[in-house]
2 protein chains.
Amino acid sequence: MLNQNVSNTVAALPCTSCLRHSACLGACVQDAVGAEGENACITTMTLQRGQPLFRAGDAVDAVYIVQSGALKSRRHSYNGEEEIVAFRLPGDSVGLDAIGNREHGTEAVALCSTRVCQVPLTTLRREVHASPAVASHLLDDLGREIGQLQEHLRDERRTAQVRIAAFLLAQLQRRRRLFGAQIDRFTLPMTRIDVGRFLGLATETVSRMFTRLQTDGVIACEGNSVQVLDSTMLARLADVAESFQPLARVA
Amino acid sequence: MLNQNVSNTVAALPCTSCLRHSACLGACVQDAVGAEGENACITTMTLQRGQPLFRAGDAVDAVYIVQSGALKSRRHSYNGEEEIVAFRLPGDSVGLDAIGNREHGTEAVALCSTRVCQVPLTTLRREVHASPAVASHLLDDLGREIGQLQEHLRDERRTAQVRIAAFLLAQLQRRRRLFGAQIDRFTLPMTRIDVGRFLGLATETVSRMFTRLQTDGVIACEGNSVQVLDSTMLARLADVAESFQPLARVA
DNA sequence: CGGCCAATTGAACCCAATCAAAGAATGTGG
DNA sequence: CCACATTCTTTGATTGGGTTCAATTGGCCG
């Protein structure tokens, strides 16, 4: 969509200009480092659509935080097909999944014009020891990463419609957390193809589920802009849809 | 199977008696703490089959390392069905997925008589700051946790037979890494039901795939003891089975 | 022995993948 | 600015793999 010719700029912008400052690992590191080390620590860069932040096999030398835009973390299966492991939205850390490794196992690609904040790994490792706040923040982000993956595993047993509903809700919930507005109307930064490769569904199935949700009056969408008309029904589809039975809790 | 009446014993055994000492996070912490704090730091406990190490909702106050036996990390879906997130084998950390949270989101249950080593979270957090080795080890274990979850996500697109083959290989490879023997013959600590709830398959499908692998001469199994007859074929089923096509690598 | 649980096998059904094709949207080059 | 190319999206028809339902066997334990 917005495919301006923005080059891969690296600037020493102050991280304090970031909207997500309070919840940002990078900002936390910067506070620990102190103002004097500002320029040596945090840098920002802008990626255009399709541009990789890092590739699989690249050395792990930094962690990134999304300031605006969106990325997908992906890898390729043995037959060469794209598998999307996670979408990275503003406030998310990128590259944490390679911590403990020398090389990245996945690659991160911008879905649209995207600004990220870079924290060198040497700085991060140093501050983990120096600052309890940084260590705590890092563990929080890692825990979030694990939690999201575990949540994603739920999809294994779900039907296509439930997966789509849960996916939309996840997008909603995360956006609700980040901002405080635009709850019922937002724009998906990823294509239907991306959604399919994230959820393990064929593109056609994704499309069909979107149209079904539309005909059922749950959502209205035009292209990638989605409006939630009946959030109650959407939540019911995502959660309770599986438990219309008396639901006896297992001991 | 082996369901002796072993009670939940807590003893101050020295961690050095553990076979997996070199690769164990707990041992690493103990080295950092020093010998004098030995008794106050690391304790071991034995669980019998079905006994929980911790439950969902429990306060996160320790991390555990499996010394012998096996556990499953599970939770319950909205309709009350068991979802198995991971199996924990000797050398694995248990409870790391809740780091960054106050409460456990999953519960860990022993699959058989199991001995685990307990590292209090206060000790761990303290040593993360004090010892670079502990910090590095912790990040390694967290990275492994994330890597396993990402690997598990592959299953989404795979057929039942490929899932089972990959599952057996994962068990094999991990056991091969841990010990140095029993490569082609081993005993699965989990039931077919557990395998199904881990892989997102019906129990009947798991059973069918096992019998198919048997009739194809890939494995021979009697109960939970599995013997791999044709490891090449097993690996081909798990990996290459998806790419009998000319396989054009995506750019 | 009877009850319980795990495992196995068969038959019918169902959801999602696949194949096929056309339309919409976006970007490119003349 | 328009024609063309490419990618994305949508819809229909068909197929297939896995679930579901159902029945049977075998082991373990009270």
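None of the values given here were measured: they were computed from a predicted structure.
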J.: When you compare the protein's N or O atoms with those of nucleotides 6-9 of chain C, which come within less than 3.5 Å of each other, and at what distance?
T.:
from: C:dA7; atom 1: OP1; to: B:R192; atom 2: N; distance (Å): 3.4
from: C:dA7; atom 1: OP2; to: B:R192; atom 2: N; distance (Å): 2.9
from: C:dT8; atom 1: OP1; to: B:R192; atom 2: NH1; distance (Å): 3.2
from: C:dT8; atom 1: OP2; to: B:R192; atom 2: NH1; distance (Å): 2.7
from: C:dT8; atom 1: OP2; to: B:S207; atom 2: OG; distance (Å): 2.9
from: C:dT8; atom 1: O5'; to: B:S207; atom 2: OG; distance (Å): 3.1

J.: What pairs meet the salt bridge (charged side-chain N to carboxylate O under 4.0 Å, His left out) rule with one or both residues in residues 223-235 of chain B, with sequence neighbours excluded?
T.: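 For residues 223-235 of chain B: none.
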J.: Tell me what B:G200 touches on the nucleic acid: a base, only sugar-phosphate, or nothing, going by heavy atoms under 4.0 Å.
T.: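 Touches sugar-phosphate only.
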J.: Who are the side-chain hydrogen bond (donor to acceptor under 3.5 Å, both in side chains) partners of B:R75, not counting sequence neighbours?
T.: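 B:R75: side-chain hydrogen bond (donor to acceptor under 3.5 Å, both in side chains) contacts with B:E83.
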J.: With sequence neighbours left out, write down each residue that passes side-chain hydrogen bond (donor to acceptor under 3.5 Å, both in side chains) with B:T114, or none if nothing qualifies.
T.: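 For B:T114 there are no side-chain hydrogen bond (donor to acceptor under 3.5 Å, both in side chains) partners, ignoring immediate neighbours.
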J.: Which atom pairs, donor and acceptor, lie under 3.5 Å between side-chain atoms of residues 213-223 of chain B and protein residues at least two apart or in another chain?
T.:
from: B:Q214; atom 1: OE1; to: B:C221; atom 2: N; distance (Å): 3.2
from: B:T215; atom 1: OG1; to: B:T211; atom 2: O; distance (Å): 3.3
from: B:T215; atom 1: OG1; to: B:R212; atom 2: O; distance (Å): 2.9

J.: Tell me the interatomic distance from A:R158, atom CZ, to C:dC14, atom P, rounded to whole angstroms.
T.: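 About 23 Å, once rounded to whole Å.
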J.: In whole Å, I'd like the distance from the CD1 atom of A:I164 to the P atom of D:dT10.
T.: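 Roughly 11 Å, once rounded to whole Å.
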J.: Could you state the atom-to-atom distance from CD of B:Q161 to C1' of D:dG16 in whole Å?
T.: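 It is 15 Å, rounded to the nearest whole Å.
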J.: Taking the basic N atoms (NZ, or NE/NH1/NH2) and the acidic carboxylate oxygens, is any pair closer than 4.0 Å for A:E151 and A:R144?
T.: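 Between A:R144 and A:E151 there is no salt bridge, as every charged N stays at least 4.0 Å from the carboxylate O atoms.
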J.: Check A:R158 with A:D155, please: is the shortest side-chain N to carboxylate O separation under 4.0 Å?
T.: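 Judged by the 4.0 Å cut-off on N to carboxylate O distance, A:D155 and A:R158 do form a salt bridge.
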J.: Compute the bend angle of the helix from C:dC1-D:dG30 to C:dG30-D:dC1 from the end axes (five pairs per end), rounded to 10°.
T.: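 Inter-axis angle at the ends, rounded: 40°.
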J.: Using atom CG of B:L199 as one end and atom P of D:dG17 as the other, report the distance to the nearest whole Å.
T.: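 In whole Å, D:dG17 P and B:L199 CG are 18 Å from each other.
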J.: Can you measure A:L201 atom CG to D:dG17 atom P for me and round it to whole angstrom units?
T.: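 Nearest whole value for this atom pair: 18 Å.
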J.: Flag the pair A:K72 and A:E107 as a salt bridge only when some basic side-chain nitrogen lies within less than 4.0 angstrom of an acidic carboxylate oxygen.
T.: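 Judged by the 4.0 Å cut-off on N to carboxylate O distance, A:K72 and A:E107 do not form a salt bridge.
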J.: May I have the distance from A:L111 (atom CG) to C:dT26 (atom P), rounded to whole angstrom?
T.: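 Value for this atom pair: 16 Å.
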J.: Between A:E145 and A:R88 (salt bridge meaning N to carboxylate O under 4.0 Å), is one present in this structure?
T.: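 Salt bridge present between A:E145 and A:R88.
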J.: For A:Q48 and C:dG27, what is the distance between atoms CD and P respectively, to the nearest whole Å?
T.: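 A:Q48 atom CD is separated from C:dG27 atom P by 12 Å.
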J.: Are any of the side-chain nitrogens in B:R197 or B:D194 under 4.0 Å away from the carboxylate oxygens of its partner?
T.: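 Result for this pair is no, no salt bridge flagged.
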J.: Which whole-number value in Å describes the distance from A:E222 CD to C:dT26 P?
T.: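 Going from A:E222 (CD) to C:dT26 (P), I get 10 Å.
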